[in-house]
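First the proteins, then the strands, lettered A, B, ... as listed; each starts at 1.
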2 protein chains.
Amino acid sequence: MPPTANGQSQADVEPVASCAPHDVLTHLGDKWTILVLSMLAQAPDNRARFSEIKHGVRGISQRMLTLTLRMLERNGIVSRHYFPEVPPRVEYQLTSMGKSMLHPIEVFTSWIKENWPAMEQARGAYDAAASVSS
Amino acid sequence: MPPTANGQSQADVEPVASCAPHDVLTHLGDKWTILVLSMLAQAPDNRARFSEIKHGVRGISQRMLTLTLRMLERNGIVSRHYFPEVPPRVEYQLTSMGKSMLHPIEVFTSWIKENWPAMEQARGAYDAAASVSS
DNA sequence: CCGAATCCAAATCGATACTG
DNA sequence: CAGTATCGATTTGGATTCGG
């Protein structure tokens, strides 16, 4: 998708996403991001150290946690605090923008929890129908 | 992740996601899903045919649209209506569950639009700082 | 303890070609 | 028109290793 030296008028049907959400969703919508943010949402003062997050989000590898946190830091969602102690300590905290993101996330995860049973049932019905037509 | 034969029960801190959201997010949070749903949100009666969706969500390949729609159908988010005409016609429509998902999506995309400038700025600052320390 | 870097297997996606 | 099938390129992610 070339940036298009767009004049402006694409009068007819506007493309669903102008591009901004498109790109953000690719990064923010991935498997681990929401889980990491949910973990920080529960943490006291929205702050936790690396190993605490890793422990809280089970199944995440060190690599993915590092990558996820770095991306979030780059986007201004979390801030990184390094304490040059022995042993070293690194804490991550939600920024004000990060905190403002909590509401959308909460709305979304609530919807999921509420609709999860219906989705499981739908999957069962779909798969049953599919195996009949085989 | 093998169940770990380690003696220590780490059952104290509940894992952020019991697993349900975890799995749903992997599929529902991907790049195309939100865009397809946003497209259907705008469509009259929340209903559109395959080619209309493909046209509305620019950049999506036929393959990805098929996969996305099938996943949404399987989860009960959209329903598929096949008309055995010549030429064939297939329409997809949001189910009531699909419609209920529109609000969470709207909340999320609104947040993105609102915070996009701040995120761009944060990225600029981060990258500038990173290039200094090189 | 934190996390960067390398290696490598596996999943994803886009383009193309083909079917009813 | 609305898919399905296949293939190659790219991306992703886990395991491991090393360094501060």
Side-chain angles (χ1 to χ4, degrees), chain A residues 1-2 22-23 25-36 39-40 43 47-74 78-93 126 129-130 133-134, chain B residues 1-4 22-23 25-36 39-40 43 47-74 78-93 126-127 129-131 133-134:
Chain A
M1 208 174 3
H22 184 290
D23 222 43
L25 280 167
T26 306
H27 299 292
L28 258 44
D30 92 305
K31 195 160 66 175
W32 299 119
T33 303
I34 309 286
L35 295 176
V36 168
M39 197 281 173
L40 283 174
R47 164 196 288 259
R49 47 191 303 181
F50 188 89
S51 50
E52 287 174 336
I53 304 175
K54 186 166 180 345
H55 180 248
V57 183
R58 284 178 215 175
I60 194 171
S61 65
Q62 196 173 44
R63 176 189 149 87
M64 289 318 294
L65 181 53
T66 299
L67 289 176
T68 301
L69 286 171
R70 205 154 306 302
M71 185 268 289
L72 289 172
E73 186 194 359
R74 193 170 101 99
V78 304
S79 56
R80 181 179 186 271
H81 304 279
Y82 176 73
F83 300 90
E85 307 167 353
V86 182
R89 185 169 104 247
V90 180
E91 294 189 349
Y92 294 88
Q93 183 174 31
Y126 182 93
S133 65
S134 63
Chain B
M1 201 175 17
T4 73
H22 183 289
D23 221 43
L25 280 167
T26 306
H27 298 293
L28 258 45
D30 92 305
K31 196 160 69 174
W32 300 119
T33 302
I34 309 286
L35 295 175
V36 167
M39 196 280 173
L40 283 174
R47 165 196 287 259
R49 49 191 300 181
F50 188 88
S51 50
E52 287 173 336
I53 304 175
K54 185 166 181 342
H55 181 249
V57 183
R58 283 176 216 177
I60 194 170
S61 65
Q62 195 173 40
R63 175 189 148 88
M64 288 318 294
L65 180 53
T66 299
L67 290 175
T68 301
L69 286 170
R70 213 157 296 306
M71 183 270 288
L72 289 172
E73 186 195 358
R74 192 169 102 99
V78 305
S79 56
R80 182 179 185 272
H81 305 278
Y82 177 73
F83 301 90
E85 308 168 353
V86 182
R89 186 169 104 248
V90 180
E91 293 189 350
Y92 293 88
Q93 184 174 31
Y126 182 93
D127 293 346
S131 61
S133 65
S134 63

| request: Counting heavy atoms from C-beta on, name the nucleotide in C:dG14, D:dG20, C:dG3 closest to the side chain of A:Arg70. | output: C:dG3
| field | Pairwise distance OG1(B:Thr66) to NZ(B:Lys54) - rounded to 0.5 angstrom | value | 9.5 Å
| request: Check whether any side-chain heavy atom of B:Arg70 lies under 4.5 Å from a side-chain heavy atom of B:Arg80, and answer yes or no. | output: yes
| remark: Side-chain atoms of B:Asp30 come closest, of C:dA4, D:dC1, C:dC13, to C:dC13
| note | Atom CZ of A:Arg89 and atom C1' of C:dG3 are separated, to the nearest Å, by 16 Å
| query | In whole angstrom, what separates B:Glu85's CD from D:dA2's P? | reply | 10 Å
| Distance in angstrom units between B:Met71 CE and C:dC13 C1', rounded | 15 Å
| Is the distance from OP1 or OP2 of C:dG3 to the nearest side-chain N or O of A:Thr66 less than 4.0 Å? | no
| query | Any side-chain heavy atom of A:Ile60 within less than 4.5 Å of one from A:Val36? | reply | yes
| B:Arg80 CZ - D:dG3 P separation (whole Å) | 5 Å
| field | Of the listed nucleotides C:dG20, D:dG3, C:dG14, the one nearest the side chain of B:Met64 | value | C:dG14
| task | Using a 4.0 Å heavy-atom cut-off across all strands, classify B:Gln62 as base, sugar-phosphate, or nothing. | result | base
| field | Distance, rounded to the nearest Å, where B:Leu65 contributes CG and D:dA2 contributes P | value | 10 Å
| said: Within the structure provided, determine whether A:Arg47 and A:His81 are in side-chain contact (heavy-atom separation under 4.5 Å). | reply: yes
| said: From NZ of A:Lys54 over to P of C:dC1, roughly how many Å is that when rounded to an integer? | reply: 12 Å
| task | Pick base, sugar-phosphate or nothing for B:Tyr92, based on heavy-atom distances below 4.0 Å to the nucleic acid. | result | sugar-phosphate
| task | Rounded to the nearest angstrom, tell me the gap between atom CG in B:Leu67 and atom C1' in D:dA2. | result | 14 Å
| query | Taking OP1 and OP2 of D:dA15, is either one under 4.0 Å from a side-chain nitrogen or oxygen of A:Ser61? | reply | no
| In whole angstrom, what separates B:Phe83's CZ from D:dA2's P? | 11 Å
| field | For the student: nearest non-hydrogen atoms of A:Val78 and A:Leu69, plus distance | value | CG2-O, 4.0 Å
| B:Arg63 side chain, from C-beta outward: closest of D:dG13, C:dC13, C:dG3 | C:dC13
